[in-house]
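Notes for the one structure printed next.
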Amino acid sequence: MQTETTLVGVTRGGKTWIPQFVQAIDRERCIGCGRCYKICGREVLNLVERETESEDEEAENMVMAVVNPDNCIGCEACAKVCPKKCYTHAPLGA
Ligand code: SF4
Ligand code: SF4
């Protein structure tokens, strides 16, 4: 029988912490500034073309996406630098 448990980490100083893994990016809020991409050291994120209904929209209209979710270590640096509060995070097993 499989039971779900929350992953608990430990700091260098021995304090416990619970990694908060990236769940989603709010595409309506994202302005494609790239700050989160630059701060993430795990290659989880990348800019992709925003899907638009209008063909008149600018071609360079980009939005951030979670492209490698399995690489995330749950550090929350992306959320900390995001000026538009696009991110949702959750512990593993929650
Ligand atoms: S939580 Fe950390 S590892 Fe995960 S996407 Fe954000 S910056 Fe990258
Ligand atoms: S920091 Fe926020 S607004 Fe900027 S690209 Fe990342 S998710 Fe979008």
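Every number for a ligand or one of its atoms is a count from 1 in the order of the listing. Note that the structure is predicted; figures quoted are calculated from it, not measured.
Pairing each heavy atom of Pro91 with each of Phe21, the nearest pair is C-CD1, 4.3 Å. Nearest approach of Pro19 to Leu7, heavy atoms of both residues: CD-O, 3.4 Å. Residues Gly34 and Met64 share a closest heavy-atom pair of CA-CE, 3.8 Å.
Arg29 contributes no side-chain N or O that, together with a main-chain N or O of Cys86, makes up a donor-acceptor pair within less than 3.5 Å. Under the 3.5 Å distance criterion, the side-chain polar atoms of Arg42 are left unmatched by any main-chain donor or acceptor of Cys72. Side-chain atoms of Asn68 never come within 3.5 Å of backbone atoms of Asp70 as a donor-acceptor pair (strictly under, hydrogens ignored).
Under a hydrophobic-cluster definition in which Ile, Leu, Val, Met, Phe, Trp and Tyr are linked whenever side-chain heavy atoms come within less than 4.5 Å, directly or via other members, Val66 and Leu47 are assigned to the same cluster. Linking ILVMFWY residues whenever their side-chain heavy atoms come closer than 4.5 Å, directly or via other members, places Met62 and Val44 in the same cluster.
Counting heavy-atom neighbours within 6.0 Å of Glu43 CD, excluding the residue itself, gives a total of 12 or less.
Within the 4.0 Å heavy-atom criterion, the part of Tyr87 lying near ligand 2 is the side chain and not the backbone.
Annotation: ring pair (Phe, Tyr, Trp, His ring centres under 6.0 Å) contacts of Tyr37 (sequence neighbours excluded): none. Residues passing the salt bridge (charged side-chain N to carboxylate O under 4.0 Å, His left out) test with Arg50: none are found, sequence neighbours excluded.
Atom numbering of ligand 1 starts at 1 in the shown order; those under 4.0 Å from a heavy atom of His89 are 1 (S). Residue Pro83 has at least one heavy-atom neighbour below 4.0 Å for each of these atoms of ligand 2: 1 (S).
Distances under 2.8 Å from atom 4 (Fe) of ligand 1 pick out the protein N/O/S atoms Cys72 SG. Under 2.8 Å from atom 8 (Fe) of ligand 2, one finds the following protein N/O/S atoms: Cys30 SG.
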